[in-house]
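Because the structure is predicted, anything quoted here is derived from the model rather than measured.
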Amino acid sequence: MKYKDYYAALGVPRDADTEQIKKAYRKLARQHHPDVSKAPDAEARFKEAGEAYATLKDPEKRAAYDQLGRRPAGEEFAPPPQWRHDFGADGQGFEGVDLADLLAAMGRGRRPSRGPVPMHGRDYETSVRITLEDAHHGASVKLDLADEEGGRTLEVTIPAGVTEGQKLRLRGRGGKGRNGGTDGDIYLHITLAPHRVFRPDHHDLYFDLALAPWEAALGADVEVPTLDGPVLLTVPPGTHSGRKLRLRGRGLADGHSGRGDLYATVRIDVPATLTERERELFGELAKVSRFNPRAPAGKEKFHGTTAA
């Protein structure tokens with residue numbers, strides 16, 4: 001059968017009380033009623049909200065639904081064996097069965113009385129901000145979590161290879177289950193703090209490489225930074241500004257024994273002041289060089305000044 005996220009359908013958190021669920025349903029029912037809304041998906045949204053409300057307003061159906069855990073909407077799954085036992089579905093196949101029909105059947109006397117209903121512990125979602133170095137090497141961070149017990153501090157391990165926007169699941173680290181139900185999970189949303197040198201793009205890294213004009217023209221071996229320490233990069237002769245030089249395998253760890261690449265974006269850095277000898281040499285170069293990217297324009301002449 002396919003999983004349906006009833007909490008998302010109503011737009012309420014998983015720990016919402018009955019009154020919140022009722023208010024959310026009434027709002028959606030008015031908004032998407034086919035007699036009111038002309039949107040092409042109004043009828044489908046109306047039915048989806050009604051189906052979600054029918055399950056979540058009933059304590060036993062909601063408990064049975066919560067014990068199925070949290071899954072992506074539309075994912076194919078089968079209830080675990082213990083769920084089948086607790087809710088009277090032993091021996092039944094679930095291929096082609098609709099989740100709503102299965103839960104609705106519980107209200108028609110098909111669920112035997114077996115004592116307190118196991119309740120899945122509460123799931124939590126929170127964000128954690130880490131450095132680029134932590135994302136590369138992995139790290140342990142302390143997480144302050146406010147829960148039904150008043151709050152607790154957890155030490156969690158961030159594996160090497162995480163990226164911006166990634167979501168990590170800490171199974172069983174959420175709220176305590178009740179009546180034998182499984183403990184909830186914690187979902188960590190990863191954000192990366194800005195780095196003073198590198199700009200990440202998934203597992204690749206980019207940085208600006210300042211070169212002197214003669215280094216770009218003649219080529220040079222220059223020291224460049226990486227997350228594992230400085231290395232030497234060979235700049236080929238005739239390198240122009242804006243060119244990207246790749247250092248293969250020197251980017252972020254990907255968590256699978258591999259690494260992204262490191263890209264150095266070349267920027268030609270012209271000296272702000274010149275010695276008399278340097279000025280003479282540049283002047284001689286200008287006289288003998290065949291390089292002329294701009295033909296004389298024959299236009300009105302302006303003197304460039306530094307912008308504020």
*Is a donor on one side and an acceptor on the other found under 3.5 Å between the side chain of Gln31 and the backbone of Leu28?*
no
*For the pair Asp144 and Thr153, evaluate side-chain hydrogen bond (donor to acceptor under 3.5 Å, both in side chains) and give the outcome as yes or no after the intermediate values.*
CA-CA 5 Å; Asp144 293 324; Thr153 300; 2.8 Å; yes
*Reported CZ-to-CG distance for the pair Arg173 and Leu154, which is rounded to 0.5 angstrom*: 5.0 Å
*Could you tell me which non-hydrogen atom of Pro225 sits nearest to which non-hydrogen atom of Phe207, and how far apart they are?*
CD-CE1, 3.9 Å
*asked:* Is it true that, when you exclude Arg171 itself, more than 12 heavy atoms of the residues, nucleotides or ligands shown sit nearer than 6.0 Å to its CZ?
replied: no
*Side chains of Asp204 and Leu252: does their closest heavy-atom pair fall under 4.5 Å?*
no
*Side-chain donor-acceptor pair present, His32, Asp41, cut-off under 3.5 Å*: no
*Considering all heavy atoms of both residues, which atom of Leu168 and which atom of Gln166 are nearest to each other, and what is their separation?*
CD2-NE2, 3.7 Å
*asked:* Under the criterion side-chain contact (heavy atoms from CB on, under 4.5 Å), I'd like the reasoning laid out for Val156 against Leu188: C-alpha separation, chi angles, the key distance, then a yes or no.
replied: CA-CA 10 Å; Val156 299; Leu188 288 183; 4.1 Å; yes
*Can you name the nearest heavy-atom pair linking Asp66 to Arg14, along with the distance?*
OD1-NH2, 4.1 Å
*Do His195 side-chain atoms and Val197 backbone N/O form a donor-acceptor pair below 3.5 Å?*
yes
*asked:* According to a hydrophobic-cluster definition based on side-chain heavy atoms being under 4.5 Å apart (Ile, Leu, Val, Met, Phe, Trp, Tyr only), do Leu192 and Val141 belong together?
replied: yes
_Electrostatic pair Lys47-Glu43, nearest N-O below 4.0 angstrom_ = yes
*Once you round to the nearest 0.5 Å, how far does NZ of Lys4 lie from CD of Glu75?*
15.0 Å
*Ring centre gap for Tyr206 and Phe198 strictly below 6.0 Å*: no
_Treating Asp254 as the side-chain partner and Gly258 as the backbone partner, does any N or O pair qualify as donor plus acceptor under 3.5 Å?_
yes
*asked:* Looking at Gln20 and Asp17, would you say the former's side chain and the latter's main chain have a donor-acceptor pair under 3.5 Å?
replied: yes
*Determine yes or no for a side-chain-to-main-chain donor-acceptor pair under 3.5 angstrom, with Asp123 supplying the side chain and Asp185 the backbone.*
yes
_Separation between OH of Tyr187 and CZ of Arg169, rounded to the nearest 0.5 Å_ = 4.0 Å
*Decide yes or no on side-chain contact (heavy atoms from CB on, under 4.5 Å) for Val231 and Val224, but give the supporting numbers first.*
CA-CA 6 Å; Val231 298; Val224 296; 3.7 Å; yes
*State plainly whether one hydrophobic cluster holds both Leu274 and Leu281, where clusters connect Ile, Leu, Val, Met, Phe, Trp and Tyr through side-chain heavy atoms under 4.5 angstrom apart.*
no
*Of the non-hydrogen atoms in Thr265 and Gly242, which two are nearest, and what is the gap between them?*
CG2-O, 4.2 Å
*How far does CG of Leu132 sit from CZ of Arg199, to the nearest 0.5 angstrom?*
12.0 Å
*Are the side chains of Glu76 and Tyr3 in touch, meaning some heavy atoms are under 4.5 Å apart?*
no
*Side chains of Lys167 and Ile190: closer than 4.5 Å at any heavy-atom pair?*
no
_Heavy-atom closest contact (Pro213 atom, Asp269 atom, distance)_ = CD-O, 3.4 Å
_ILVMFWY network linking Leu205 to Tyr263, side-chain heavy atoms under 4.5 angstrom_ = no
_Derivation and outcome, side-chain hydrogen bond (donor to acceptor under 3.5 Å, both in side chains), residues Arg70 and Tyr7_ = CA-CA 10 Å; Arg70 192 172 190 171; Tyr7 292 100; over 6 Å; no
*Under a 4.5 Å cut-off applied to non-hydrogen side-chain atoms, are Lys244 and Val266 in contact?*
no
*Validation row: Leu143, Thr126 side chains within 4.5 angstrom (heavy atoms)*: yes
*Phe282 and Trp214 aromatic ring geometry - parallel, tilted or perpendicular at 30°/60° bounds*: tilted
*Chi angles and distances behind the side-chain hydrogen bond (donor to acceptor under 3.5 Å, both in side chains) call for His136, Asp228*: CA-CA 9 Å; His136 181 57; Asp228 299 304; 3.3 Å; yes
*asked:* What's the separation between atom CZ in Arg250 and atom CG in Asp261, rounded to the nearest 0.5 Å?
replied: 11.5 Å
_Main-chain N/O of Gly249 paired to Arg259 side chain as donor or acceptor, under 3.5 Å_ = yes
*Got Ser140 and Ile158 here, is their nearest side-chain heavy-atom distance under 4.5 Å?*
no
*Between Ala49 and Leu10, what is the shortest heavy-atom contact and its length?*
O-CD2, 3.8 Å
*Stepwise, does the salt bridge (Lys or Arg N to Asp or Glu O under 4.0 Å) test hold for Glu280 with Arg277?*
CA-CA 5 Å; Glu280 291 175 2; Arg277 179 56 178 158; 3.3 Å; yes
_Checking the side chain of Thr239 only, and the main-chain atoms of Pro236 only, is there a donor and an acceptor separated by less than 3.5 Å?_
yes
*Got a second to check how far Leu245's CG is from Leu211's CG, nearest 0.5 Å?*
7.5 Å
*Does Glu215 use its side chain to pair, donor to acceptor, with the backbone of Ala212 at less than 3.5 Å?*
yes
